[in-house]
Participant: 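Got a structure for you, questions after.
Here is the naming used below: chain letters follow the sequence lines, and residue numbers restart at 1 for every chain.
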There are 2 protein chains.
Amino acid sequence: MKILVIEDEPALYESILDYFTGEGNICEHAVNFASASEKISLYNYDCILLDLGLPDGEGLELLTNLKNSKKKDGVLIISARHSLDDRLAGLDLGADDYLVKPFHLSELKARVSAIVRRKNFDGNNIITFNDINVDVVAMKTTVGKTEVGLTKKEFDLLVYFLSNRNKVVTKNAMAEHLWGDEMDLSDDFDFIYTHVKNLKKKLSEGGAKDYLRSVYGIGYKFSDQ
Amino acid sequence: MKILVIEDEPALYESILDYFTGEGNICEHAVNFASASEKISLYNYDCILLDLGLPDGEGLELLTNLKNSKKKDGVLIISARHSLDDRLAGLDLGADDYLVKPFHLSELKARVSAIVRRKNFDGNNIITFNDINVDVVAMKTTVGKTEVGLTKKEFDLLVYFLSNRNKVVTKNAMAEHLWGDEMDLSDDFDFIYTHVKNLKKKLSEGGAKDYLRSVYGIGYKFSDQ
DNA sequence: CTTCTATAACCAAAATTTTCATGGTGTAAA
DNA sequence: TTTACACCATGAAAATTTTGGTTATAGAAG
């Protein structure tokens, strides 16, 4: 994921950059209107984090320019101004979301992810892994040309595996992803085995190879070998 | 990976401990300044999770003491204080990151992993030693192009050897790192021999040279000669 | 009411970790 | 040099933990 951070306050942009870089994203950075404008026109970003209070220009103008071009980068406004007017002005001009300072980085991340998901699944909403195709919008899964009917949990599980292909996913992570905070992590979640088993069974009935391996003591890994 | 959780609120530290233990890590725990201070001085941790609001002392002092010693444990501050000043104070004293409560456990895990990666592997997921490659995220080990399947203890042992390459590691240090304080250090841990043997066997079956030498009366050394 | 889905409970199977017994090896002192 | 002894290596078996598969039940959806 590629992100542009437009922000002049060093303490803030450093922590944002560190954070998103640490998450494995590509981050760029602009401290003023001029360099931001140049970067926006030259490159494409999955999401632009835009601070409204820039030293040499009005941040909203960047947004106007962006929208006048054909670009479709996501825009998240971050600003200390918390009046409703500012908020509406930003959203009216086509920003995807608005976050008031100060905020938690995890909050910021959640918002950015939401924007990117919304944008990406709009056009290209199919995840592919060899002969497996998953349409996340139509919630349809095919192996080769045969469709396999998955339940919701099975589907979520598959999407999670596919977006973490070739990595070991722990059972904790699976539980947190599929069941969120409702699930007490000290509970046993043996029933994950049942969902995993059902998913494997349906995939193999559809004719897929056995991509999913268990990693003893840790979790699972979805990969080629 | 060995982690120390310094936190006095039972609900929170229990879920953190459950989570990280479930991920296959060694976790220890302190509820106050005194015991935290003792553990920090006696042992080494990959990462210390430090809550600033302790009942009997100022958490930041622990950080100061740690930095004054030669230790290089990673430190992640977790705190309810979300002012920028608090944040900067912690980072100025040498903390590696700062996370504001409340947070998601997966978020915490990501931060801890990032810290450990940065410290131990130059921010890289892959550790290399001649023909040996270890991907700590995919949990995959290869010698040349052949993959060798290691168990968790073997894997941890190898990672520990590789991050202490060309140094002699004592058996005590190995035991402490792989088993933490569940293991009474007065016990004999002869079974380390077994794990070492199994690791050596699998590596040599994969075609690796015999990099691991025992150092009589001390421990082992993983190196070229 | 019927059918499908999600969770629970249970036991069997598999993998890992630890224990144990035995013999070999390095070191230092006699 | 020899000897005693602690240390290390190894193989096999026991103990423990984790996973797989079956079946049962509750609850939602149709």
Participant: Between C1' on D:dT22 and NZ on A:Lys200, what's the gap in Å once rounded to a whole number?
Facilitator: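 Nearest whole value for this atom pair: 17 Å.
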Participant: Examine distances only and state if a side-chain atom of B:Lys71 and a backbone atom of B:Tyr43 form a donor-acceptor pair shorter than 3.5 Å.
Facilitator: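 Yes.
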Participant: Check this for me, if you would: do B:Lys101 and B:Glu7 make a salt bridge, where the nitrogen-to-carboxylate-oxygen distance has to be below 4.0 angstrom?
Facilitator: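 Salt bridge flag = yes for B:Glu7 with B:Lys101.
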Participant: Please tabulate, one pair per line, each protein N/O and nucleotide N/O from nucleotides 20-29 of chain C that are separated by under 3.5 Å, including the distance.
Facilitator:
| residue | atom | partner | partner atom | Å |
| --- | --- | --- | --- | --- |
| C:dG26 | N2 | B:Tyr216 | OH | 3.4 |

Participant: On DNA chain C, does the nearest nucleotide to B:Ile192 precede the nearest nucleotide to B:Lys202 from the 5' side, or the other way round? Give the residue.
Facilitator: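 On the 5' side of the pair lies B:Lys202.
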Participant: Hey, are B:Tyr160 and B:Asn120 close enough side-chain-wise for a donor-acceptor pair under 3.5 Å?
Facilitator: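 B:Tyr160 and B:Asn120 do not have a side-chain donor-acceptor pair below 3.5 Å.
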Participant: Taking CZ from A:Arg213 and C1' from C:dA14, how many angstroms apart are they, rounded to a whole number?
Facilitator: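 To the nearest whole Å, that distance equals 14 Å.
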Participant: Inspect the contact between A:Arg111 and A:Asp97 and indicate whether a charged nitrogen and a carboxylate oxygen are less than 4.0 angstrom apart.
Facilitator: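 So A:Asp97 pairs with A:Arg111 through a salt bridge.
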Participant: Do you see a donor-acceptor pair shorter than 3.5 Å between the side chains of B:Asn130 and B:Lys209?
Facilitator: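 Not at all, the side chains of B:Asn130 and B:Lys209 share no donor-acceptor pair under 3.5 Å.
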Participant: So that I know where these two stand, are A:Phe129 and A:Phe161 an aromatic pair - ring centroids less than 6.0 Å apart?
Facilitator: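 Judged by ring-centre distance (under 6.0 Å), A:Phe129 and A:Phe161 do not meet the cut-off.
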Participant: Select base, sugar-phosphate, or nothing to describe what B:Lys171 touches, counting heavy atoms under 4.0 Å on all strands.
Facilitator: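 If one applies the 4.0 Å heavy-atom cut-off, B:Lys171 turns out to touch the sugar-phosphate alone, with no base involved.
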Participant: More 5' along DNA chain D: A:Tyr220 or B:Ile218, using each one's nearest nucleotide?
Facilitator: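 The residue whose closest nucleotide sits nearer the 5' end is B:Ile218.
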Participant: Between C:dT7 atom P and A:Asn198 atom CG, what is the distance in whole Å?
Facilitator: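 The answer, rounded to whole Å, is 12 Å.
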Participant: Rounded to the nearest Å, what distance is computed from the CG atom of residue A:Leu150 to the C1' atom of nucleotide C:dT5?
Facilitator: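 Spelled out: CG on A:Leu150 to C1' on C:dT5 is 13 Å.
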Participant: Go through C:dT19, D:dT18, C:dA6 for me and flag the one nearest to the B:Phe191 side chain.
Facilitator: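 Looking only at side-chain atoms, B:Phe191 lies closest to C:dT19.
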Participant: Taking 4.0 angstrom as the limit, do B:Asp96 and B:Lys119 come out as a salt bridge?
Facilitator: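 Yes, charged N to carboxylate O under 4.0 Å.
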Participant: Identify whether any heavy atom of A:Lys153 sits under 4.0 Å from a base atom; if not, whether one sits that close to sugar-phosphate; answer base, sugar-phosphate or nothing.
Facilitator: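 Sugar-phosphate: the residue A:Lys153, judged by heavy atoms under 4.0 Å, touches backbone atoms but no base.
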Participant: Between atom CD in A:Glu154 and atom C1' in C:dC4, what is the gap in whole Å?
Facilitator: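 Going from A:Glu154 (CD) to C:dC4 (C1'), I get 11 Å.
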Participant: What's the closest nucleotide to the side chain of A:Tyr193 if the choices are C:dT18, D:dA9, D:dT18?
Facilitator: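 Given the options C:dT18, D:dA9, D:dT18, the side chain of A:Tyr193 is closest to D:dT18.
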Participant: To the nearest angstrom, how far is B:Lys197 atom NZ from D:dC8 atom C1'?
Facilitator: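 It works out to 12 Å between those atoms.
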